[in-house]
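Keep in mind that the numbers below use all heavy atoms, side chains included, and drop hydrogens, waters and symmetry copies.
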Amino acid sequence: MSGNKQPRKAGGHSGAGAKGQSHNQQRKNQGQQQKPKIFEPYLPLEIVQEGIKRGHLIVGPIRINPKNYEDAYVPLPDGTADIYIGGMSDRNRALNTDEVVVQINPYDQWRVFVEDFEEFERVSASADLKSLNDDGVGITNNDDDNDSGPDAVYDDDSDDGVTAAKPTSEAAVVGVGEVGAVLSQLDISSASPGQNLPKTASPVTPSKSPNRSQQLGTPKVSSTPSNRGGSRGTPSKKFTSITEMKTNGSPLAKDLFGCKPPGTNSVGDVTGCKFVQRTGKVVYIYEKKHSRAASGRLKLMQDKSKNFALFSPSDSRIPRIIIPMAECPKDFYERPEDFAQTLFIARIQQWDETSRMPKGCLARSLGEAGQIEPETVAMLIELDVDDTPFSEQVSACLPQNLPWSIPESEFSYRKDLRRSCIFTIDPATARDLDDAVSIEELENGLYEVGVHIADVSFFVKESTELDAVAAKRATSVYLVQKVVPMLPRLLCEELCSLNPDHDRLAFSVIWTINGEGEIFSEWYGRTVIRSCVKLSYDHAQGFIDHPEKEWSLNELPPITNSFGVKDVMKRVLQLNKIALNLRKQRFDNGALRLDQVKLQFNLNFETGLPNGYSVYQQRDSNRLIEEFMLLANMAVAHKIKTSFPQKAILRRHPSPQDKPLQDVQELCESLGMKINASTAGHLQKSLLKYQGLDEYSQARIQVLVVLISKPMQNAKYFCAGTFPDESLYHHYALNVPLYTHFTSPIRRYPDILVHRLLAAALGYSEPPGLSTQLLQRQADYCNDKKNNAKMASERSSDMYFSIFVKEAGPLEETGMVMAVLDKAFDVLILKLGVIKRVYMERLPIKSFDYRKNMKCPELEIEWEADEDCTHSTRHLITLFTLVDCCVFADKEPLRWSCVIKRPKEELKYVASEKDD
């Protein structure tokens, strides 16, 4: 587990493999000290600590825009808004996910959202400054950026009640993270602000700087396609400051921004004007959470230096790294082209204040770029996922006498449920079965319903080597082609897995409940169970869909323990009836669920390449298990919180950021769609209003879900004793006061901690020895590892999708426009759930015209005449426009592009009326 790290002292010499060092080292160091400093020195630790204590400095994770590496964001402590960190200099050598200390810039240097202000100015030209302040408008987060929300908007556990799916994309960290790109230059704020490029600035040429009239206005763009330029050059300043608005803005702008809002001296205060966003700079790296490892290509330096080579990372958020030539492959200098397609791993070792690029070392060569194995290894290294075999010390902690049997001593205090009809329902390919369910009918319309979870804490004892490794890995990582387990396979696939017809140790929660889902009592305890059958979701769904069918034994897996098909089917139907009522209660009580398309790949057994894909569908059988897992997690949360109010490991889900959500509402309202986002429940009901069976309604709800997902924050583990305000424990999506993770201890370390707390609460063991502070530190670490695991899973899916497009493409699919920029637009490809930007320059068009229609941006395209159409035609692109997409592979490995086809019907449109 990572500890807090102090920044390295600037000005040192790397010496990593470099040859020909000067004999006069002192003279060389003096020469280095005379170099101009590109970055500010970090503040001394004691000043940092004092600044944090007084509230003058902010600590938080930095998130770098994957579409524009110059833009970065750090959330305010209350999560209501983000601080914008503009440019490499202000980021001060921090890398994505690092825990940084930020100093807020003076008010005049804060960022102005020019288009939002101009929209306000148009609508309320007669309003004066006093009426604005009387409206109670607050300083919040607003922007049109391509990366404003968290990298992982949703929690990826179905038992968190949100969603497990995220769109696939070609970027390194994408999925819903790609939605950042989707919202780029929409006239809405994103959850965490971003680049706010003026609409006249090219979204694909960051090196171009718009002139002043472009920055302060929103003129209509009319253009013909041109080649994109720029890539990794240093973009110029792209936002307008308060000082510039006071100098060059309208009279209203000068009045509004000339008056400093009350409370802006306080970091946490959010009163004032909604058209500005705080800016800041990094003054200290509190903890280097980024691995400092990167995959990429090796190139010669621009000056053909024989002493150093240039490493270009695949992830644009990581800077290029200077590598000593002595560490490069033999003959690299003479024949660099031989290594152009080789994927390497490099590590950053030193980044001085005087160097634009860090110095590093070449760790290893992985193989050909674009191939599954080297790309997977690179991904795991970058995300710090441990895929090494478990050590002998860990193996020594496992049972040695196999086959293992339950010790007799365990039966003396555990409830013996081996004769009960208990079974598992999982994906057909699952091997780590950590949850089972049961139900028995009682009198008076009551049932005894049980959730039985593998008792992993019996095998993973506190303070052992096995425990240390599990805590370090923190989670299993699910890739398309394999699983990187948290625990040795002997445990996760055998001794802990609730395999049928085997005695297993479990931790159970058992309720007395009626058919409507009303709970009359509950019991917690350690048990011994014996699952009678391993059902897949398809088997359970078959029972639900065909309750009258006579099932034969050869249609199902073996059923043991003297139970038959009718016994199991009856219980599945009973559980489903109760689950439906539990689910209705949850949503009636204000829960929210945002589902998105998730792809599953079918792999060729011999080659490992994708043969095809299917779309993951959540059906009643999935929801059945989800409801009872949610119920168990909520019950255990209350139990451990009551018993250990200072040490309970819980899970909270903060509310979404207000301003970005409000902007989505305003955008939808401009299109005639009323969205009530005042609570999670109201948001859920608003979405239900726009569901429909026709193609357009189904596409629109997909786009709406992604747009509304953007302001959502991540759910997080925490230790109860570190949050004095219990309102912060609330889980927004589930709309419950207390929640935890109890049901997946085979694959999540926090669940093991929760099992230990529950065991102590029930008197089975002593309370955990860790302090509140150490438990919080472990919770923070688990949050980081969970995010990394999620990114690894998404990147794996992205990789396989790219390979599938290359092998099977081009693909023709229907898409819907999600965002419109001045020279491009973003499309959600509906069947695939992937988001892609379509550039005007890649379409066979004669011209295009960009404009704003109130809050909604539009592109009018004039298509060239071709063999299918002898005259040019016009096409209007705006939010929710359905388009026919063509997806095809690029020349670069693991890259793909999308274009749209000419629509069948020409736009019926009178330009003069629209312009009015």
Quick check: are there more than 12 heavy atoms from other residues, nucleotides or ligands sitting under 6.0 Å from CD of Q400? yes
In this structure, are over 12 heavy atoms from other groups packed under 6.0 Å from L688 atom CG? yes
Determine whether a donor-acceptor pair (N or O, by modelled atom type, separation under 3.5 Å) exists between the side chain of N788 and the backbone of L383. yes
Would you say the side chain of V754 lies within less than 4.5 Å of the side chain of N633, judging by non-hydrogen atoms? no
Least distance between heavy atoms, V572 atom then A540 atom: CG1-O, 4.0 Å
Mark yes or no: R418 above the aromatic ring of F411, with NZ or CZ under 6.0 Å from the six-membered ring centre and no more than 45 degrees from the axis. no
Could you tell me whether a side-chain N or O of R526 sits under 3.5 Å from a main-chain N or O of R414, the two making a donor and an acceptor? no
Measure the CG-OG distance between D434 and S476 for me, rounded to the nearest 0.5 Å. 9.0 Å
Any chance you could lay out the side chain to side chain contact (heavy atoms under 4.5 Å, CB included) test for D538 and R619, step after step, and finish with the verdict? CA-CA 9 Å; D538 287 338; R619 298 171 295 177; 2.4 Å; yes
Counting N and O atoms only, with roles assigned by atom type, does the side chain of S508 sit under 3.5 Å from a partner on the main chain of H452, one being a donor and the other an acceptor? no
Rounded to the nearest 0.5 Å, what separation is found between the OG1 atom of T679 and the CG atom of L592? 9.0 Å
Mind checking whether Y764 and Y413 have ring centres under 6.0 Å apart? yes
Under 3.5 Å side-chain donor-acceptor pair for Q481 and T376: yes
Could you pull out the closest heavy-atom pair between S531 and L498, with the gap in Å? CB-O, 3.8 Å
Indicate yes or no: at least one non-hydrogen side-chain atom of P654 is less than 4.5 angstrom from one of Y732. no
Donor-acceptor pair, Q541 side chain versus S621 backbone, under 3.5 Å? yes
Verify the neighbour count for atom CZ of R419: are there more than 12 heavy atoms of other residues, nucleotides or ligands below 6.0 Å? no
NZ of K549 to CE of M569: how many Å apart, nearest 0.5 Å? 10.5 Å
Is a donor on one side and an acceptor on the other found under 3.5 Å between the side chain of T642 and the backbone of H638? yes
Can you tell if the side chain of F390 reaches within under 4.5 Å of the side chain of L466, non-hydrogen atoms only? no
Is the side chain of Y781 donor-acceptor paired with the backbone N or O of K472 at a distance under 3.5 Å, no angle test? yes
Does a donor on one side chain sit under 3.5 Å from an acceptor on the other, for D780 and Q776? yes
Minimal heavy-atom distance between N735 and N589, with the atoms involved, is ND2-O, 2.6 Å
Rounded at 0.5 Å granularity, tell me how far CZ in R530 sits from NE2 in H502. 7.5 Å
Will you find, in the side chains of N554 and S552, an N or O donor that is under 3.5 Å from an N or O acceptor? yes
Could you tell me the separation between the OG atom of S405 and the CD atom of E410, rounded to the nearest 0.5 Å? 11.5 Å
What one should report as the nearest heavy-atom pair of E448 and I510 is CG-CG2, 3.3 Å
I want to check something: taking the side chain as every heavy atom from C-beta on, are L734 and H653 in contact at a cut-off of under 4.5 Å? no
Before giving the answer on side chain to side chain contact (heavy atoms under 4.5 Å, CB included), spell out for I701 and L687 the whole-Å C-alpha distance, their side-chain angles and the decisive distance to 0.1 Å. CA-CA 7 Å; I701 198 67; L687 290 174; 4.1 Å; yes
What is the ring orientation for F742 with F507, classed by angle as parallel under 30°, tilted 30 to 60°, or perpendicular over 60°? perpendicular
Is there side-chain contact between T743 and R748, with at least one heavy-atom pair below 4.5 Å? yes
Using a strict threshold of under 4.0 Å (side-chain N to carboxylate O), is an ion pair present between R623 and D620? yes
Quiz item: cation-pi between K482 and Y478, 6.0 Å / 45°: no
Do Y616 and Q618 pair up side chain to side chain, a donor and an acceptor below 3.5 Å, judged on atom types alone? no
From CA spacing to verdict: side chain to side chain contact (heavy atoms under 4.5 Å, CB included), S765, R756: CA-CA 8 Å; S765 62; R756 291 173 182 166; 5.9 Å; no
Nearest heavy-atom neighbours spanning A760 and F644: CB-CZ, 3.5 Å
Can any side-chain N or O of N514 pair as donor or acceptor with the backbone N or O of E516 at less than 3.5 Å? yes
Using side-chain contact (heavy atoms from CB on, under 4.5 Å) as the criterion, point out the one residue from N581, N576, L582, L575 that pairs with I578. L582
When you compare the side chain of L631 with that of W511, does any pair of heavy atoms fall below 4.5 Å? yes
Please check if the number of heavy atoms outside K566 that lie under 6.0 Å from its NZ is greater than 12. no
Is it the case that the side chain of K639 and the backbone of A761 share a donor-acceptor pair, with hydrogens and angles ignored and the cut-off at 3.5 Å? no
Heavy-atom closest pair, residues L487 and C492: O-SG, 3.6 Å
State whether the side chain of T512 and the backbone N or O of F520 hold a donor-acceptor pair below 3.5 Å, judged by distance alone. no
Side-chain contact, heavy-atom cut-off 4.5 Å: P768 with L757? yes
Is it the case that more than 12 heavy atoms not belonging to K461 sit under 6.0 Å from its NZ atom? yes
Stepwise side chain to side chain contact (heavy atoms under 4.5 Å, CB included) test for M712 and L594: CA-CA 10 Å; M712 299 296 166; L594 301 174; 4.2 Å; yes
Set of residues satisfying side chain to side chain contact (heavy atoms under 4.5 Å, CB included) with respect to L728, sequence neighbours excluded: F723, D725
Taking K785's backbone N and O only, do any of them form a donor-acceptor pair with D384's side chain (distance below 3.5 Å, no angle check)? no
Hits for side chain to side chain contact (heavy atoms under 4.5 Å, CB included) against A720, two or more places apart or cross-chain, chain-then-number order -> K641, A648, L650, Y729
Side-chain touch V568/H539, heavy atoms, less than 4.5 angstrom: no
